[in-house]
Amino acid sequence: MASPGGHGGGAVSTRGGGGTRRMKWALELSLGNTRQFPVPSCRSRGDRQSSQGDTLYPIGYSDKPVPDTSVQEADRNLVEKRCWDVALGPLKQIPMNLFIMYMSGNTISIFPIMMVCMMAWRPIQALMSLSATFKLLESSSQQWLQGIVYLIGNLLGSALAIYKCQSMGLLPTHSSDWLAFIEPPQRMEIMGGGMVL
Amino acid sequence: MANLRTCLAFLFLCCSLCDAVYEDQVGKFDWRQQYVGKVLFAHFESHSQASKKLILATDKNIVASLNPRTGDLFWRQVDKAGPEGHIDTLLFHGQDAVVVTGNGRLLRSWESSVGALNWEMLLDPGSFLAAVLVGTQDSVKFVAVLKKATVSLHYLSNGHQKWTETLPDSDTVHYQAVYSSGGSQLFVLGVVPHSHLSIITFNIEDGEITSQRSVDAPWLSSIQARCTVVGQGVLICADASTLSLYMLPLSSEEPVGLQQVPLQSLDLDLALGFQPVLLTTQPNPARPPLAQFFLQLGPDHHVLLQLSDGHLSPLRDFQPAFLVSFATTGEKTVAAVLSPKNETVSSKEGWLVFDHVCNEQACSVSLYSADSGRRLLDTTVTIHLDPNGGKPEKLYVHAFLKKDDSVGYRVLVQTEDHTITFLQQPGRIVWTREEALADVVTMEMVDLPLTGTQAELEGEFGKKAAGLAGYGLAAMVLKRLSSQLILLQAWIAHLWKLFYDARKPRSQVKNEVTIETLARDEFNLQKMMVMVTASGKLFGIDSKSGMVLWKHYLRNVQPNAVFKLMVQRTTAHFPHPPQCTLLIKDKETGLAALHVFNPIFGKKSHVTPPTLSRPVLQSLLLPLMDQDYSKVLLLIDDEYKVTAFPSTKNVLQQLQEMASAIYFFLVDASQGKLSGFRLRKDLSTELIWEVVIPPEVQKIVAVKGKRANEHVHSQGRVMGDRSVLYKYLNPNLLAVVTESVDTHQERSFVGVFLIDGVTGRIIHEAVQRKARGPIHLVHSENWVVYEYWNAKSRRNEFSVLELFEGTELYNSTVFSSLDRPHLPQVLQQSYIFPSSISTMEATLTEKGITSRHLLVGLPSGAILSLPKMFLDPRRPEMATEQSREENLIPYAPEMPIRTEWFINYNQSVTRVRGIYTAPSGLESTCLVVAYGLDIFQTRVYPSKQFDVLKDDYDYVLISSVLFGLFFATMISKRLAQVKLLNRAWR
């Protein structure tokens, strides 16, 4: 799973849970976080700190401004967008896969086999961790639609892999593939003889 | 999947194209033995002290030289097979071996030390009668050759003809002998049967007839067998009807008649119905023969006679004495006499014991002075004859003077089973050669028995297990533990032996193979070769070393007998010994006999075979087994009745149940008739089909079914589009080859019929026009390959027929010839082969997964391993995508012969007559034995050795890399731990 998505998910859940937990964490870290809004004063204090030495300030104090997370909290559209990113991820990979498929060709050698394995394995892995992905999408209003799109994307990916296997001749779909399992027929008559000795 | 397979197949293809033996593999798993055949003439080269040689001429048209110390071949000159190269006589003088071949066609002289041809002369036409060395003034200069109407004299040095003279009255007089005693005269003796004897004297210098006379001899029919010249030119003839000897001085001028000497006057008596035989010796062709000669009066009765002053007197009577021979060294001539060792016993019982006396006890050879008949002291050689061998037939003695001027000798004994044994005093066998192996008729390979430990393990799952099951689990566990313990013990012993042997130098470690230590190896690569020879001697040969482990001579086997060897019980049924049955059919009487024996030890089995009162036409080995696991053999007699062997109640009951499914076919080539029969419950038969191929137009030359032990792994062929073309695998299919009676180039043809042996249905018929035999045929799986001579284009051609059922199987579970509505598709293709061939066989493997090769014996002595892939009627003319997918090689009319396909590299197999293939325990490996004049054994890997590591596999490198990596991991793990700890402290 891509890391920005995870970060985004974390942000979403924090926001959904309410401000208290965030405020508690912010309190422990530094004083500056409690006084987010009087920014000019903070700056003036920081200037003073640097001139007067470390001893005046508590542990964990940072003179750099802490990024403002509350900006995203307000932007629900961004959440939706992130969720769609997640849902459309597998679909977006398909053109890339198609290109790789085309490039690797139908000969059987180690490189194309690795490609096919990867192509087949990724959607299967994604489908297996489907519930975890659904949890990610919980915050979205279009959760179900996104889930279905995600599923379809993965299914398409695996179908592509199967098609690739097929075109490489790795699927036992012909009668010749089962030839080795045909038992020799049982002989009904016993026959022998030859030239008159 | 299919792609993977084709990929693998392609790999195999690539591998099989470089299928030759590496230099260091030579002789590692192959061996060759060279033979010469039955000895007809033998001479010891004794003139030069340094290089002693034994010069032989044999019935296989071979002149050879043997090392008398080891019995190995110094050189061997192989002439054409058949009457064209037949050796009429071998004369030996000094360094020259003079040979007359092909019924007097050629006169050749071979240099005895290296086997080079000194000269060769084409003789005038006419059937050969006799040849003799002619000497004048104590030196041998000429060879006289007597033919039906001419006598000619040739120089010994260059073969040029000195003179040739026509013989008078050659249409009435049968000239049979030529004689010279060192003077200026050459005598030619002829006979008009039952009338008179004709003696013509030629002058050696110019060939002029100096005298010509005839002597009445109404009792004489032939000179060759009955007459000989002794002493100073006295002709002696023996006659059985008048019980007399006749003497006639050849050179006397006055017309004297034959002087009759009755045998009774010499106190001699002729054995009843025995034709007397005379034996004389002429140590030097430039001097007259000895005055002493042997007269054989009975099978075991010889008399040494002396002619002095025109009187005959017996010197010594030898009875019993089977064989006599003269030998000369320097000025001394001795007589060697072979007699039974225990003289007192045999003389009491008379010559009735003759048949057995030399077989069951030792014989001895003693020397007697030829001048006096006195026995020479300390000259006895005891011969312990092999109880499984034949009687002594001929004696060749090599006498030499010892330092103390006494006579020493070595003796070459030829027995009737074509074995030659070289002995020296006092009875030590220097070497033995089994020349019967030059004429192998048929052979089988039998698995060796398991060792005791292996058998123990097998027993756990066999009969014993059934008994143990009653005792419950604990007993079974104990049993398993004990057998594992035994295996462990054996393994440790084996390791110890390996370790122990490793310290010895290589040359000292010899794996002596004896019949007791024989055991199956891990991959069943070592087998017992059971060989049947034309002389009636059976051999058991270890396939790994080529050592003869047992031999058994069958007496009373006619020279033209037909043999058929069958393995009734293999070694797989442990407490029961393996069992082979040899069917021997006498061509003349048609009566057959069965010889049942154990193929591992060669001993005759206790099982009594049925007595066959009627001539046997064919035999049939059924897959049915009796309670002792021996397969049932059916013998069909000329009344089309069937005899079963073994014929226990169990077998008869099984036969009754199975009778309706047992069919057999008989091919009568003389009448061009193929007939099929079905077995009835009462073991009689009914004719169910008959196909007549008119013998006036074409004659049947070969009929071949499929081998019973052949497995076909793949039931079809994968096409380029990955569909399947199913093979037509009819186990009852017969390939019948005919040749036209008309051999004219334009009208001759070769016919190939594929006939179902059960129903008689002709599945396919192909005619190759303007083609001629000899035809060599291989029939296997779903294909038939045959080779013929294309009379129009004057070249040898291969043709391949392949049968397919199509893309659908009619019935995939059972195959019944009676229910086959559709005919198979037949594909055919022909190729040009750049050489004629001697024989052909296909490789055979255990499961039939490995690709097939054809083993082609070429007249040059090479054995070609030709991939079947090249003989594939689906080879396309133009390579397409699909055919490339299928690995089909585009059609090329010419079949290549690549020297790296010769499986016997430079070990030529002369006159290869048959190739036998047997599967081994490894799927990749097929055992091959080529036999003819020589025997060659090797292994072939048609798809390369895919199931074992190669010989040159680098164990050292691989294991050192493995160990290195292991230690590197250990060390780096330790280092990493230390580093982590250090970092934690920091």
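Below, chains carry the letters A, B, ... as their sequence lines are ordered, and counting in each starts from 1. Remember, predicted model here, so these are calculated numbers, not experimental data.
A donor and an acceptor atom, one from each side chain of B:Arg820 and B:Asn811, are nowhere located under 3.5 Å apart.
Remark: B:Leu725 CG to B:Thr807 OG1 distance equals 7.5 Å, nearest 0.5 Å. Here the CG atom belonging to A:Asn154 is positioned 8.0 Å from the OG1 atom belonging to A:Thr133, to the nearest 0.5 angstrom.
Annotation: side chain of B:Lys631 is not in contact with side chain of B:Val567 (no heavy-atom distance under 4.5 Å).
In terms of non-hydrogen atom pairs under 4.5 Å with chain A, the most contact-rich of B:Ser812, B:Ala702, B:Pro731 is B:Pro731. Residue with the most contacts toward chain A among B:Leu809, B:Asn732, B:Val616: B:Asn732 (heavy-atom pairs, distance under 4.5 Å). Counting heavy-atom pairs closer than 4.5 Å to chain A, the top residue among B:Val758, B:Leu620, B:Val814 is B:Val814. Most heavy-atom pairs under 4.5 Å with chain A: of the set B:Val562, B:Ile662, B:Leu679, this distinction falls to B:Ile662.
Contact annotation for B:Met658: only side-chain heavy atoms (C-beta onward) come within less than 4.5 Å of a heavy atom of chain A. For chain A, the nearby part of B:Asp721 is the backbone; its heavy atoms alone come within less than 4.5 Å. For B:Ser714, the part sitting under 4.5 Å from any heavy atom of chain A is the side chain, from C-beta outward, and nothing else. For B:Leu734, the part sitting under 4.5 Å from any heavy atom of chain A is the side chain, from C-beta outward, and nothing else. For B:Ala592, no part sits under 4.5 Å from any heavy atom of chain A, backbone or side chain. Both the backbone and the side chain of A:Glu189 come within contact range of chain B, with heavy atoms under 4.5 Å apart. Residue B:Leu818 touches chain A through both its backbone and its side chain, counting heavy-atom pairs closer than 4.5 Å. Both the backbone and the side chain of B:Val703 come within less than 4.5 Å of a heavy atom in chain A. No part of B:Lys704 comes within reach of chain A, as not one of its non-hydrogen atoms sits under 4.5 angstrom from that chain. In this structure, chain A has a heavy atom under 4.5 Å from the side chain of B:Tyr726, while its backbone stays farther away.
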| Which is it for B:Arg717 and B:Glu886 under the salt bridge (charged side-chain N to carboxylate O under 4.0 Å, His left out) test, yes or no, and what are the steps along the way? | CA-CA 9 Å; B:Arg717 284 192 57 166; B:Glu886 234 184 296; 3.6 Å; yes

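Heavy-atom minimum distance, B:Glu710 versus B:Glu781: OE2-N, 2.9 Å.
In this structure a side-chain-to-backbone donor-acceptor pair under 3.5 Å is missing from B:Lys585 to B:Leu617.
The pair B:Lys673-B:Asp668 does not meet the salt-bridge criterion, since no charged nitrogen lies less than 4.0 angstrom from a carboxylate oxygen.
Remark: of the listed residues B:Val667, B:Leu674, B:Ile763, B:Leu674 is the sole one forming a side chain to side chain contact (heavy atoms under 4.5 Å, CB included) with B:Ile755.
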